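One structure is given below, encoded as structure tokens.
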Amino acid sequence: MSERYNIKETEKKWRDIWAERKSFEVTEDTSKPKSYVLAMLPYPSGRIHVGHVRNYTLSDVVARYKKAKGFNVLNPMGWDALGLPAENAAMERGTHPKDWTYENIAQMKAQLLSMGLAIDWSREVATCDPDYYKHEQKMFLDFYKKGLAYRKESVVNWDPIDNTVLANEQVVDGKGWRTGAPVERRKMSQWFFKITKYADELLQGIETLDRWPDKVRTMQHNWIGKSQGMNASFPINGTDEKLDIYTTRPDTFYGASFFAMAADHPLAKKLAGDKEGFDAFIQECQSVGTSEEAIEKADKLGFDTGYTVTNPFTGEELPLFVANFILMDYGTGAIFGCPAHDNRDHEFAKKYGLKIVQVVESPEGTPDVQDEPYIGPGKIINSEDFNGMEVDEAKAAVITALEEKDMGEGATVYRLRDWGVSRQRYWGCPVPVVYRESDGACIPVPDDQLPVELPYDINYDEPGNPLDRHPTWKYTTCPETGEPAIRETDTCDTFFESSWYFLRYLDPKNEERGFSDEKSGYWMPVDQYIGGVEHAVLHLLYSRFFTRALKDCGYEVPDEPFAGLFTQGMVTHATFEDADGNWCFPAEVEQRDGNWVKISDGAPVKQGAITKMSKSKKNVVDPEDILDAYGADAARLFILSDSPPERDLEWTEGGIEGAWRFVNKLHRSLTDILGNLPDKDTTQPSKFSENAKKLRSQTHQAIAGVADDIEAFHMNKAVARIRELSNALSGFKAKDEADYWAQREGYEALICLINPVMPHLAEELWEQMGHDTILAETQWPKHDEALLANDTVTIGVQVNGKVRATITMDSDASKDDYEKVALEQDGVQKALEGKSVKKMIVVPGRIVNVVAG
RNA sequence: GCGGCUGUGGCGGAAUGGUAGACGCUGCGGACUUAAAAUCCGUUGUCCUUAGGACGUGGGGGUUCAAGUCCCCCCAGCCGCACCA
């Protein structure tokens, strides 16, 4: 009997050895191909959750595999350490954001270490460290000097609970993404990054990202939202004003029946401000709210200004409305409406009794546009000179016609807005500028005075920004004139830090610059980025903007920071609810006689929906408990088993136990027969039994197959193959020396294959096999092509497409052999009774199909 | 509403157009044990009484010697966007 595998001791032993040997610390090495494997950096909340475990297990498998394949692998880790939760904790518990953050980092790091990750910890960064944000402030100023960062007065989304400004992207259904509070609109002076300058580049760049999920590419594509149309400008009759409109359907001018502008359009108040009912109308527009349902249900509302605009083509005077469905911040904030060919315009026209004139004919007959608008392609009608043209042709012709009259021009509009980065918060990177008191000039803080460091002595006695009401911090002098000046008290959106952290990892100790061109040139781009799909738009788009902006500021970086992206699925768990409707933690319940009950008092609980783990529903498991009870290898194995990584993973107690059993079984099955196996460098026998040949074939198929699976991110299939090989090896009955040799070969391969998944167990078994090398520093086994093919193949024989027999053939059998053997089968003969063979389909190694009738 | 993804046993999931259900979980039977746990062996898509057969990849059509896989139509679920002119 072998000794039971002591998971805890053994796992710790190997982690210590890796750390001592600095197995995962890397430097630039041009003799090897490089591979930059990156997991999205965590926010230091204090405890890792199962989503982290999944994320870092995946990146670790890739990192360890790539290293074994001879790559110089960089796999770093750090902390996205600035942001609101630290301030919320400070307010709730009286701690300091900095202390709270660093304590959390220490705790989480200990948890991550116990996962046994192949991380180069010497490159660890925390974004709240002044040595980190110092370089970020330099970048901010580089952007400022290039015109890529600017200040403007703008209406912002104000979160009344967090007392801060939110980016458009942080507003979900009209509510703050974190607090869920309805967002208010306020006007403030704000800092922006000019991401729109790169709108087209960012859009085109998506095409080159062929190792990104299509889903993410589509989302970014839609987010940028390029549309091509035209701007046109027409006089408003009876005034000196002109109405600027944007349209993507200049081909439908002849079908126009009204003009309309946004409620907050400057001309709206100017032209109609004193009209009766206007104020009430504006109020109604604003009260509709921005929630999903409100928008869905909101009626199209319009207010007739009483003015008209003349249709330049028909000469018709059309009414000018203020309408609630026109957005001020898209295009020009005004449109012309063609009810026959636009859903919204149609609804509006129906409501206000405006005429509906069809100007595009559907190729499949003429639909009745009075009932429903027609949006598709077709030929232009009712449009004089443009009749008979296709839609696209007519668009171009109308643009040309209006350009000739000097009334408009072709225009491209993007949905993407500039990135507002100002936050009225303490725990963020200070914007490194001062405002001179004498003239209000905005003066950048000189490089040699960076970083502008956050003061430690702050308090949360009052709402608002502690920086703003700090007694001394913001009072300074102008670096140019020495006059009194006030510091900017806004700090940056924390997406700023995460937009370049992958560059800081490359050169984390560099005091002069954020990173050197040389290191960036060697390591970039990231070869494999792994993280949650929730960052599909924001973080990934900002990072793509950042590399382009940095490049324009003279840094050496590729346009695209992430060559490969993988987005993992969520981790879900069953929910449990007691009779009183209270949620229960999975650890509080157990199954007795098929029913779920509370462990404490046996009270029945109901198993509910399987949903994403969330604290509110208590359907969470604590990774620390799991790692403690089952060990890192079992946790990693379970995470990778069964579910494909891009799909949701259901965490089950049975599943983790199954993984744990496999870890123990592997250890046991090898240690039980270890004494029988030949020593490690025993020469290969010249002859093998049929059984040994088969085993060797399985071994080499597994070596090749697991590698393919990992490269394709089919981790669940890799695990299945590993289990198959393991089953074959433990079930193998060795009868002679050659058999044992083959069995040893198989086990050695198996150990190498499990290494990316269960590195501690792999090292332990490797050592027990007599090796004095470290598996973390050992190359992936080479498979023998000649052994991949089996000597024989077993295939099905079909009669008219239905399987009637299976036959086993030599793998070099001829088509004639196949036909002959196939027809001899009883099942085939029986199926052929009363029929004659019309045709034989023979695909050697695949199938025989007898066509009979 | 628009766009995308997914649909296979009791469950998670495998299947370059070629033996559907690999691998695992669960269940059932057995061995070991005073007993249990652990472990090991067998079995586990559905239906028909068995030898054996029939049916089976959300539903309906089609292409093909052969369809889970390709094409068309429909249904359901999930995700993203949300009046973007």
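Because the structure is predicted, anything quoted here is derived from the model rather than measured. The sequence lines fix the lettering, A, B, ..., with proteins before strands; numbering per chain opens at 1.
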Considering only heavy side-chain atoms of A:Glu724, the closest of B:A22, B:C79, B:U39 is B:A22

- Using a heavy-atom cut-off of under 4.0 Å over every strand shown, decide if A:Ile326 touches base, sugar-phosphate, or nothing. base

On RNA chain B, more 5' by nearest nucleotide between A:Arg661 and A:Thr332 is A:Arg661

Are OP1 or OP2 of B:A22 and a side-chain N or O of A:Asn727 less than 4.0 angstrom apart? no

Ranking A:Asn222 and A:Gly225 by the position along RNA chain B of their nearest nucleotide, the one closer to 5' is A:Asn222

Of the listed B:C23, B:A66, B:A15, the closest approach to the A:Asn849 side chain comes from B:A66

Of all heavy-atom pairs linking A:Arg217 and A:Ile206, the shortest is NH1-O, 3.2 Å

Regarding B:G9, purine or pyrimidine glycosidic angle vs 90° from 0 gives syn

Partner of B:A54 under the Watson-Crick or G-U wobble criteria, both distances under 3.5 Å, comes out as B:U46

From the list A:Phe348, A:Phe303, A:Tyr352, A:Phe336, ring-ring contact (aromatic ring centres under 6.0 Å, His included) with A:Phe258 holds only for A:Phe348

Testing B:U19, B:A85, B:G13 for proximity to the side chain of A:Tyr246, the answer is B:A85

**Prompt:** Which part of the nucleic acid, if any, lies within contact of A:Lys802, taking any heavy atom under 4.0 Å across all strands shown: a base, the sugar-phosphate backbone alone, or nothing?
**Reply:** sugar-phosphate

Against the side chain of A:Ala720, the closest entry in B:G52, B:A22, B:C65 is B:A22

Near-ring test A:Trp212/A:Phe566, centroid separation under 6.0 angstrom:
no

Exercise for the section: Spell out yes or no: do the side chain of A:Arg846 and the base of B:U16 have one donor N/O and one acceptor N/O closer than 3.5 Å? Expected result: yes

Using atom C1' in both nucleotides, what's the gap between B:G13 and B:A22 to the nearest angstrom? 10 Å

On the side chain of A:Lys300, is there an atom forming a donor-acceptor pair with the base of B:C83 - under 3.5 Å, no angle test? yes

Practice problem: Measure up the A:Tyr374 and A:His341 rings against each other and bin them: parallel (under 30°), tilted (30 to 60°), perpendicular (over 60°). | Solution: perpendicular

